[in-house]
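Encoded as structure tokens, the structure appears first; notes follow it.
Reminder, nothing fancy here: chain letters follow the sequence lines and each chain counts from 1.
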There are 2 protein chains.
Amino acid sequence: MKGRSAARLEKLYDILSQGRVVPLREAATLCDVSEMTIRRDLARQEGEQQEIHLLGGRLLLNGSMDPAYDVAEQQASRYPAKKALCQRVVEQIEDGDTLFIDCGSTLIPLLGLLQRFSELTVVTYALNVANAVAPLSNVRLVLLGGLYYPASQSFGSDTIEARIERLGINKALISAAGVDAKRGVSCFHFHEVAPKRAAIATAMQRWLVADASKIGVVRPAYFAMLDEFDALFTDASDIALSKPDQPSC
Amino acid sequence: MKGRSAARLEKLYDILSQGRVVPLREAATLCDVSEMTIRRDLARQEGEQQEIHLLGGRLLLNGSMDPAYDVAEQQASRYPAKKALCQRVVEQIEDGDTLFIDCGSTLIPLLGLLQRFSELTVVTYALNVANAVAPLSNVRLVLLGGLYYPASQSFGSDTIEARIERLGINKALISAAGVDAKRGVSCFHFHEVAPKRAAIATAMQRWLVADASKIGVVRPAYFAMLDEFDALFTDASDIALSKPDQPSC
DNA sequence: AGTGTTTTGTTAAAAAAATCACAATAATTG
DNA sequence: CAATTATTGTGATTTTTTTAACAAAACACT
């Protein structure tokens, strides 16, 4: 029936699960069959869930092949501005810091820059942030869990405030979807309010990071006023800040 | 000089480091240049360290592209066995269930099979489980956070027990690294004991899922005895089970 | 502005990979 | 053992990806 095919797939899976990428040629030689047979084996498994993928004549295991990435599109908007912002932010981070990192796309470019430090702790409630930080061996990761909200790729819970307050956070890096000098700082999703407020309340330093497109904008959920922050990182120049003493760049 | 090119590479790197695979087309659109330019960018980086690879018209980050693999080291991951196990397990799952899903590789093949249900809730403390479940729109995801342990891709915390006990878990799917009829069920990492025990204590049904390679094996951390489970899913036949009344297959 | 350099886009050619169709082989069954 | 069925290999076809070459545009510098 499918014994032969399954046996080959198992063999290939075992090799691939060691983090290797195997050319189709090698796979065929290894299993002592033709390339066509391997192709057919791979097509057969497609019934359930695609496990082994054939990409450019090479077999690889990695999942998440779906090009259904809305994250990339979001990042496309004002990406250079966000990147530049993050570069300025990272200069203010010190070795050994415990950082609270907010959800959203603004702070994503920062995470790759954390490799330069020898030791850090990152606290977050966002799944994409956790995934970007998890491979970094120099960063201790604390993920605040709860119910998953796909729209913001983050978690919410009624105990998240209490859990954040137990953590010794040095610097809270807060992002926002809207920043208005008079009305305050806002975001899209209400479940984000609790963790943001808790981080602001607990952290020794609170930094607001928002590119120019957020300035003067108001979103559904207010979570803070501007003067609750110690610094505002932005590439906008036209906002009247009420804190001239702190480095607002 | 290399400002333009480097900026694009950085941008792509940031997107790719979120575990995505980006088609060359999309990359070109995203950077607002032609595909050829992206190709040239990628060729340029080859001087230093090969970071972004182009495979079959898709960009991916993963390293170890060298096909110089040792055939000799074929460690059996027993993937087909695990997959077959999971297929038997999924048959016992019902629509609307709230499932606790343990960490490790045993239960990973199950997650893709959850698409066939119309509505489920998955509770887990494993990052890889969360990532596999997050894209499923029919599954409500609850991730129990804490400090991240890379070795098991899971989280640990001193409050995880209390948080699990608040959840109404229908079926707890527990995996193990060792199953011994006399000595009990064990795992590698001590931080896994608390969530496992809490799930066993809370859940209405407890299922142990372990392939044959785990039977008769003992690992550092015991977390339960065999008779604490309502069912044992395994492909081994030689273990003397103490529960003949329940469906042990 | 004008020259030389670098960067980029377009086109065409080459190479590689994926698909298809059919023959050959091996396994299964009555 | 013959007949049927399933599985596999080979070669041709189509598609896609990669490479190469050249022209246009942007940039730097005098």
Lys/Arg N to Asp/Glu carboxylate O, A:Glu26 vs A:Arg58, below 4.0 Å
no
Short side-chain N/O contact to D:dG9 OP1/OP2 from A:Thr37, under 4.0 Å
yes
Taking atom [atom2] of [N] as reference, at what distance in whole Å does atom [atom1] of [X] sit?
| X | N | atom1 | atom2 | result |
| --- | --- | --- | --- | --- |
| B:Glu35 | D:dA20 | CD | P | 17 Å |
| B:His53 | D:dT17 | NE2 | P | 19 Å |
| B:Asp32 | C:dT7 | CG | P | 19 Å |
| B:Glu26 | D:dT17 | CD | P | 12 Å |

Do side-chain atoms of [X] reach the backbone of [Y] as a donor and acceptor pair under 3.5 angstrom?
| X | Y | answer |
| --- | --- | --- |
| A:Ser186 | A:Ala176 | no |
| A:Asp95 | A:Ser118 | yes |
| A:Asp102 | A:Leu173 | no |
| B:Thr234 | B:Ala210 | yes |

[atom1] of [X] to [atom2] of [Y]: how many Å apart, nearest 0.5 Å?
| X | Y | atom1 | atom2 | value |
| --- | --- | --- | --- | --- |
| A:Ile52 | A:Asp41 | CD1 | CG | 9.0 Å |
| B:Asp211 | B:Ile215 | CG | CD1 | 8.0 Å |
| A:Leu107 | A:Ser175 | CG | OG | 5.0 Å |

Reading nucleotides 15-24 of chain C 5' to 3', which nucleotides get B (base under 4.0 Å from a protein heavy atom), which S (sugar-phosphate only), which -?
--SBBB----
State, yes or no, whether a side-chain contact exists between [X] and [Y] at a heavy-atom distance under 4.5 Å.
| X | Y | value |
| --- | --- | --- |
| A:Leu120 | A:Ile93 | yes |
| B:Glu94 | B:Lys171 | yes |
| B:Leu9 | B:Leu42 | yes |

Given axes from five pairs at either end, by how many degrees does the helix from C:dA1-D:dT30 to C:dG30-D:dC1 bend, rounded to 10°?
30°
What are the atom names and distances for every N/O pair under 3.5 Å that joins the protein to nucleotides 24-28 of chain D?
{"from": "D:dC27", "atom 1": "OP1", "to": "B:Arg4", "atom 2": "NH2", "distance (Å)": "3.4"}

